[in-house]
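First comes the structure, then the notes that go with it.
Every chain is numbered from 1, with letters handed out A, B, ... down the list of sequences. Keep in mind that the numbers below use all heavy atoms, side chains included, and drop hydrogens, waters and symmetry copies.
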There are 2 protein chains.
Amino acid sequence: MVTIADVAAHAGVGAGTVSRVLNDSPQVSESTRARVLAAIEVLDYRPNPLARGLSRGRCQTLGVVVPFFTHASAVERLRGVVAALDKSLYDLVLFNVESPVHRDEHFTTLTRRDRADGLLIMSLPPPPASLHRLATSGVPIVLLDSRGAGVPAVVTDDVEGGRLATRHLLDLGHERIAFLGDEPGNPLGFTSSSAREAGYRETMESAGLAVRPGDVRHGPHVRAVARDLTRAMLAAPDRPTAIFAASDTQALGVLEAARAAGLTVPRDLSVVGFDDVEVSSYAGLTTVRQPLFESGRRAAELLLESLAAEEPLGEAEYQLDLELVVRSTTAAPATTPAAG
Amino acid sequence: MVTIADVAAHAGVGAGTVSRVLNDSPQVSESTRARVLAAIEVLDYRPNPLARGLSRGRCQTLGVVVPFFTHASAVERLRGVVAALDKSLYDLVLFNVESPVHRDEHFTTLTRRDRADGLLIMSLPPPPASLHRLATSGVPIVLLDSRGAGVPAVVTDDVEGGRLATRHLLDLGHERIAFLGDEPGNPLGFTSSSAREAGYRETMESAGLAVRPGDVRHGPHVRAVARDLTRAMLAAPDRPTAIFAASDTQALGVLEAARAAGLTVPRDLSVVGFDDVEVSSYAGLTTVRQPLFESGRRAAELLLESLAAEEPLGEAEYQLDLELVVRSTTAAPATTPAAG
DNA sequence: TTGAAAGCGTTACCAC
DNA sequence: GTGGTAACGCTTTCAA
């Protein structure tokens, strides 16, 4: 393994000078710089990142904490992060989170500059204790798709998204609109589903429509679960004419159940999802599009900026635009509801 | 930042002893061990991984080189890798590859123990020069979904998969079976598509069926491209009665084109894909299932084993089983072909 | 503009 | 069993 000392010897200079060349310090004469570069070339020298990191107190690594398995949308966001980091000099370390223990473990261990120079936390609202530790750790943090006091965040206006979806169905003439989303007390504390539900409830209320208890269902974020929950809803004698699902994954489960129940979408049932993941365009799903890839990129860029500026970002909040994408799973209700 | 020296001072022992406790060396008395552990607890000490890595010559990190953007299947494989590494003590560094330059850069830079203790390379056949460098670098490597002389690999029998798909269509009575796959000269050298094509051609030949030139189409691995290529095929007056696509992504493009052309699947056209990614079950796609998640896990476990054994794996090849999953996009051809 | 040398926080070897 | 002390390979200050 060729070290900086080898290069120094080969070039006939001191190790310090080689280091200066490596970190292109201006205070090196052109001639020595050339000599050093030549030696580096000849010896095929590459600096040891560990040694460099130990010496400088940082490790050229960005940690990305992500519930990699739970949400389909996380992958698309991660792609955006990867894209942004591609051109940077930082390596990306992936920390998967499936349980709160998992999460807190990462949060504690990662708040040190020798672990990661910056942290990007996806969809996970840090619990207060972790948040304090994170905020005061000196390691720049960006929250993506969650919020925390004192920490910058790239967020989606999920409440507004819920309104958008619901209003769309109302505009089509629906009055019995159901909602299907995550369990409110999901272990990792994902909040997007309940925010979307809030937008839904609010919009229903302003339209003077009551939400029947049986028209709101919750379950783990899995297609099969959404399918089963929907089956129950559709089995009732007077079923809703439209369902707003808190995510595309769940909306696909809804569609599956509708198909299984012999219903034609959108004639017998309208369905709206949320996210616009890749499958959705194929499935012809009407959905609230949020720029997943872009949000990942934006968050990563934010982190890079704060790293470059060597100063923490404030509590700034960056919000990306939502857009209703109308495809072929929504239409006016075929029959006027019994209440009419 | 609390260091090993602080712990040593607090416990009234030498730094070496603390280190021994950390790496649970047997040669520490129970009493001192307890004292040291207490000090660690009180001071909330965590070893600096950089320093540890520098000293020991490895960094507790595994590099995963993956064409993250190009193939949907890569994500599912990556999930398997993440799952396997979750319980290990290794961090996962993600290296995205989109171009050959990208790829070679990673291959050169990652063949050092101070970068990664092991390397998992997904779907990328290393060029000979890189391969030599990799094989002799001393860094354990596992290839996933590609092969290389002297390097262990977890692979899929793509040729057999191609046979499976084609035979299924033949068994249903099809004779005009088309193939749609990646460009043979794709820049990163993915080989799965052409292997699947080989299985297809071989099976057609043994069945005594000629493959018409226009019945084999190639293009970049993108759904929209597959759709357009299919449109061209279906526009011809005597079109094939079945299409075998080299991946589910491409098969979805085929389905889209069929729908756009007003054809009913499987009545007017049978479609078989490859991979069985998550979407496929939703789309009801008949496909050749390969255990993507499982392959990722297997490859990662292999790497961990070789790391634990501190000896390089041989050129062993690990092959996972394929399985034809018949869903609703294949059926007997409606009309007997013109040749009949 | 440059070299020498002192860290950075561990581990591992060598005495005791 | 345990403490002292070289490494590990780099950056950075201090002198010159």
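B:Arg46 comes within 4.0 angstrom of the backbone, heavy atoms only, and of no base. Using a 4.0 Å heavy-atom distance criterion, A:Val18 is classed as making no nucleic acid contact.
Between the CD1 atom of A:Ile40 and the C1' atom of D:dC10 there is a distance of 13 Å, rounded to whole Å. Computed from coordinates, the A:Arg58 CZ to D:dG9 P distance equals 21 Å when rounded to whole Å. Distance, A:Glu30 CD to C:dT2 C1': 15 Å, rounded to whole Å. The interatomic distance linking A:Arg56 (CZ) with C:dG7 (P) rounds to 20 Å, in whole Å. Straight-line distance from the CZ atom of A:Arg35 to the C1' atom of C:dT2: 11 Å, rounded to whole Å. Distance A:Leu54 CG to C:dG7 P: 14 Å, rounded to the nearest Å. Between the CZ atom of A:Arg20 and the P atom of C:dA4 there is a distance of 11 Å, rounded to whole Å. Across the protein-nucleic acid pair, A:Gln27 atom CD and D:dT13 atom C1' stand 11 Å apart, rounded to whole Å.
A:Tyr318 contributes atom OH, which lies 6.5 Å from atom CZ of A:Arg298 (distance to the nearest 0.5 angstrom). Separating the CZ atom in B:Arg115 from the CG atom in A:Asn48 is a distance of 8.5 Å, to the nearest 0.5 Å.
Residue A:Arg52 has a polar side-chain atom (N or O) positioned under 4.0 Å from OP1 or OP2 of D:dT11. The phosphate of D:dT2 has OP1 or OP2 within less than 4.0 Å of a side-chain N or O from B:Ser29. Of the side-chain N and O atoms in B:Asn48, none sit less than 4.0 angstrom from OP1 or OP2 of C:dC8.
Take the nearest nucleotide of DNA chain C for A:Arg33 and for A:Ala15: the residue whose nucleotide is more 5' is A:Arg33. Across the interface with DNA chain C, nearest-nucleotide mapping of B:Leu50 and B:Thr17 shows B:Leu50 to be the residue nearer the 5′ end.
Here the side chain of A:Ser19 is nearest to one of C:dG9, D:dT11, D:dC10, namely D:dT11. Across C:dT2, C:dT11, D:dC10, the shortest atom-to-atom separation from the side chain of B:Asn23 is found for C:dT11.
The ring of A:Phe190 has its center no closer than 6.0 angstrom to the ring center of A:His221.
Between the base of C:dT10 and the side chain of B:Ser55 there is a donor-acceptor pair shorter than 3.5 Å.
One finds a salt bridge joining A:Asp44 and B:Arg133 here, because a Lys/Arg side-chain nitrogen approaches an Asp/Glu carboxylate oxygen to under 4.0 Å.
When side chains are defined from C-beta on, B:Asp24 counts as touching B:Arg33, because their heavy atoms get closer than 4.5 Å.
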